[in-house]
Amino acid sequence: MINITFPDGAVRQYEQGSSALDIARQISEGLARKVLAADVNNDVWDATRPINTDAKIKFLMWDDDNAKSTFWHSSAHLMAEAVEGMFPGVKFWVGPPLEKGFYYDIDMGDNVIGEEDLRKLEVKMAELAKQNNSYIRKEISKPDAVKYFEEKGDEYKLDLLGNLNDGEITFYTQGNFTDLCRGPHIPSTGFIKGIKLTNVSGAYWKGDEKNKMLTRIYGVTFPTQKELDEHLFLLEEAKKRDHRKLGKELGIYTMDDDIGQGLILWMPKGTVIIEELEKLAKETELAAGYKRVVTPHIAKEKIYLTSGHLPYYEDSMYPPMEIEGTKYYLKPMNCPHHHKIFAAEQHSYKDLPLRLAEYGTCYRYEQSGELFGLMRVRCLHMNDAHIYCAKEQFAQEFRAVNDMYIKYFKIFGIEKYVMRLSLHDPKKLGQKYVNEPELWLETEAMVRQVMTEANIPFIEVQDESAFYGPKIDVQIYSTIGKEFTLATNQVDFAQGRSFKLEFTNQNNEAETPLIIHRAPLGTHERFIGFLLEHYAGKFPLWLAPVQVKILPISDKFLEYAKNVLNKLKIADIRVEIDERTEKIGKKIRDTELMKVPYMLVIGEREMNEEKISIRRQGKGDAGTKSVDEFVAMITEEIKSRRIAE
RNA sequence: GCCAGUGUAGCUCAGUUGGCCAGAGCAGCUGAUUUGUAAUCAGCUGGUCGGGGGUUCGAAUCCCUCCACUGGCUCCA
């Protein structure tokens, strides 16, 4: 007998070799029907795996993340079985679960898989699921495993086996499909009910673009069809918030083949947002002791050799223009230009920190397949600044930048983000990262300390830093689930020396400043792309391209409406009037769809009483006020940059 | 850049196995309507079916190629 401890602390005895599923069954059949996996001594196990020692267990059901992962991983195996049935001879790489769903990477040989094949595979999977085959775990010796896959001629699984030791190798079989797999799996295929294969794509083997491209099939499954339908419905809803769709519908930006890929044309409405953001940045930076500068869009080749960017990033820079034997590049970042401004004057420690700010226009030749709406473009406007400071000033400056981020995020109501401390990778010193092992560790420790002292939650990630130093990235997610860096705060211990930047310290010695690169509002492109999705197009009043739309009920009231228009214009409110001879219902509908925050309905009553009727976007009729009262109300809302609740 | 898919009026989309002058709704224009909180009615304009090449008596439809977009992969100073 073994002692099993349950989450509530209760201890009960079971026969040795009982599985979690056996135990669940003894409690109730209903429970057993829901158990997908089990947590055994803090490891996730197959619910069917025999337990031979005393253990602490917890049943994992659909509401548990580990159970979901197990479910989706088992679904990947089910899909593999269907694929193998339909395309005999294909070879499998790996099929992990994702946050929502799963994929399997497959070498399809000469087979091409299309949309129709996915539908057929779904049907096949449903058939296999109905057979309710058990997932059977089998421990196997390494030589036997190698032999199995050698006979099969499967170089991929043999590659995986190369990294595994004898004694830790298991096979899982369900129906006609056997796979090398660590597990765990759900008890049987019958749990899988709602099945959707979402898309096919290519994926390089082991994620290396020099390797062969495998076929990756993505899918998602649920224990019921209803949950699948709900999931698909949510996806559809999310698509409505896609900044590319909203950007077009609301007239924010456009792109044109004749201009070029990834080059954004900001339309008047988008430009209003840009200017409001810049106004905010300027106010904030002025208050924080920044000085503004303006620099050209191009520079000679030499400067990018000095900065060290050219060898690292030549492929993603626009090719140079050669004039009279000199090569000029479009600037991919603003740092070298700012460094030269620092270098133009002599500096004493008393001048530091020197903070140079610019909304800089940069050009990066991103690979065509990487371009993505406003989030990944080739011409970008960066909320850039470089802070030159002495080492002992670093902590305070870095912290001030973080505080600025948080202040901004509060203004925009951005709550869902992750601060990421991006570190170097010691293995890539001298290649991807400047070869200064001690400085790396020192600056990374400095950043870590600032974050910890400021009590800001963050995660640490290796091999994500800039080549010149560690950084804090703010990660956000687009509505369709892609992750992006919204803002960045970077330490640079390398470029100060490359550019021979110096200041004279208290001891009358030349000292190289540390540089902080920061862009709390990221780029206009990515930030506005994010805001479009964040607000679902319903910008707060201070950002709204059109703040107020005047809707006369008929053109008999046009003159009075124009009076109102002028009063609002004098108060610096972005206001338009709908002069069309349409019915009021139509005018309201169109204005609602354009997500204009305030609508002023003007008819006979308003004209006679010298008032206006207010309608708030999405909220309906909001009563009557005098023009002056209304102006006072919304001026306050604009000035405070309030987010409407 | 790589894999797969898509590309029809300003926008959203129809267009059977290749076959008469390529369709609809919205938008736009013109006219009528002068309207009270999410779509008034009528008429009209508008497309070398992404570009180029080919197969065919005949191509939006089949093939090749280039371009762009979409979903991934790789990348993101």
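Just so it is clear: chains get the letters A, B, ... in the order the sequence lines come, proteins before strands, and each one is counted from 1.
Across all strands shown, rU16(B) remains unpaired; no Watson-Crick or G-U wobble contact has both distances below 3.5 Å. In this entry rG58(B) has no Watson-Crick or G-U wobble partner, no candidate having both defining distances under 3.5 Å. Pairing partner, rG31(B): rC41(B), with both Watson-Crick or wobble hydrogen-bond distances short of 3.5 Å. Across the strands present, rG25(B) finds its partner in rC11(B); the criterion is a Watson-Crick or G-U wobble pair with both atom distances under 3.5 angstrom. Remark: rA68(B) base-pairs with rU6(B). Criterion, Watson-Crick or G-U wobble with two distances under 3.5 Å.
For E559(A), the CD atom is loosely surrounded, since the number of other residues' heavy atoms within 6.0 Å does not exceed 12.
The same atom, P, is picked in rC2(B) and in rG58(B); the two are 35 Å apart, to the nearest Å. rU12(B) sits 24 Å from rG51(B) when the C1' atoms are compared, rounded to a whole Å. Taking atom C1' on both rU17(B) and rG25(B), the two are 29 Å apart, rounded to the nearest angstrom. Between the P atoms of rU65(B) and rC57(B), the separation comes to 24 Å (whole Å). Rounded to the nearest Å, the gap between the P atom of rA9(B) and that of rC49(B) is 10 Å. Nucleotides rC76(B) and rG1(B) place their C1' atoms 14 Å apart, quoted to the nearest Å. Separation of the P atoms belonging to rG53(B) and rA32(B) is 48 Å when rounded to the nearest angstrom. A gap of 11 Å separates the P atoms of rC62(B) and rG19(B), to the nearest Å.
In this structure, Q261(A) reaches the rC69(B) phosphate: one of its side-chain N or O atoms is under 4.0 Å from OP1 or OP2. Regarding contacts with the backbone of rC73(B), every side-chain N or O of K210(A) stays at 4.0 angstrom or more from both OP1 and OP2. The phosphate of rC76(B) has neither OP1 nor OP2 within less than 4.0 Å of any side-chain N or O from S316(A).
For E366(A) and rG1(B), a side-chain-to-base donor-acceptor distance below 3.5 Å is absent, hydrogens and geometry of angles not being considered. One N or O donor and one acceptor, one from the side chain of Y204(A) and one from the base of rG1(B), sit under 3.5 Å apart. Side-chain atoms of R216(A) stay outside donor-acceptor range of the base of rC73(B), with no qualifying N/O pair under 3.5 Å. At a cut-off of 3.5 angstrom, the base of rC75(B) holds at least one donor-acceptor pair with the side chain of R376(A).
Salt-bridge formation is not detected for the pair K240(A)/E236(A): no Lys NZ or Arg NE/NH1/NH2 atom is positioned less than 4.0 Å from an Asp or Glu carboxylate oxygen.
Residue ring and nucleobase are stacked for Y313(A) and rA77(B), with a centre distance beneath 5.5 angstrom and an angle between planes beneath 30°.
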Between the protein and nucleotides 29-34 of chain B, list the N/O to N/O atom pairs that are separated by less than 3.5 angstrom.
residue	atom	partner	partner atom	Å
rU33(B)	O4	T581(A)	OG1	3.1
rU34(B)	O2	S554(A)	OG	3.3
rU34(B)	O2	D555(A)	N	3.1
rU34(B)	O2	D555(A)	OD1	2.9
rU34(B)	N3	D555(A)	OD1	2.8
rU34(B)	N3	D555(A)	OD2	3.1
rU34(B)	O4	D555(A)	OD2	3.3

Give me, pair by pair, the N or O atoms of the protein and of nucleotides 6-8 of chain B that are less than 3.5 Å apart, along with how far apart they are.
none

Distance-only donor-acceptor hits, side chain of residues 582-589 of chain A, under 3.5 Å, sequence neighbours excluded:
residue	atom	partner	partner atom	Å
K587(A)	NZ	P552(A)	O	2.8
K587(A)	NZ	D578(A)	O	3.1
K587(A)	NZ	R580(A)	O	2.9

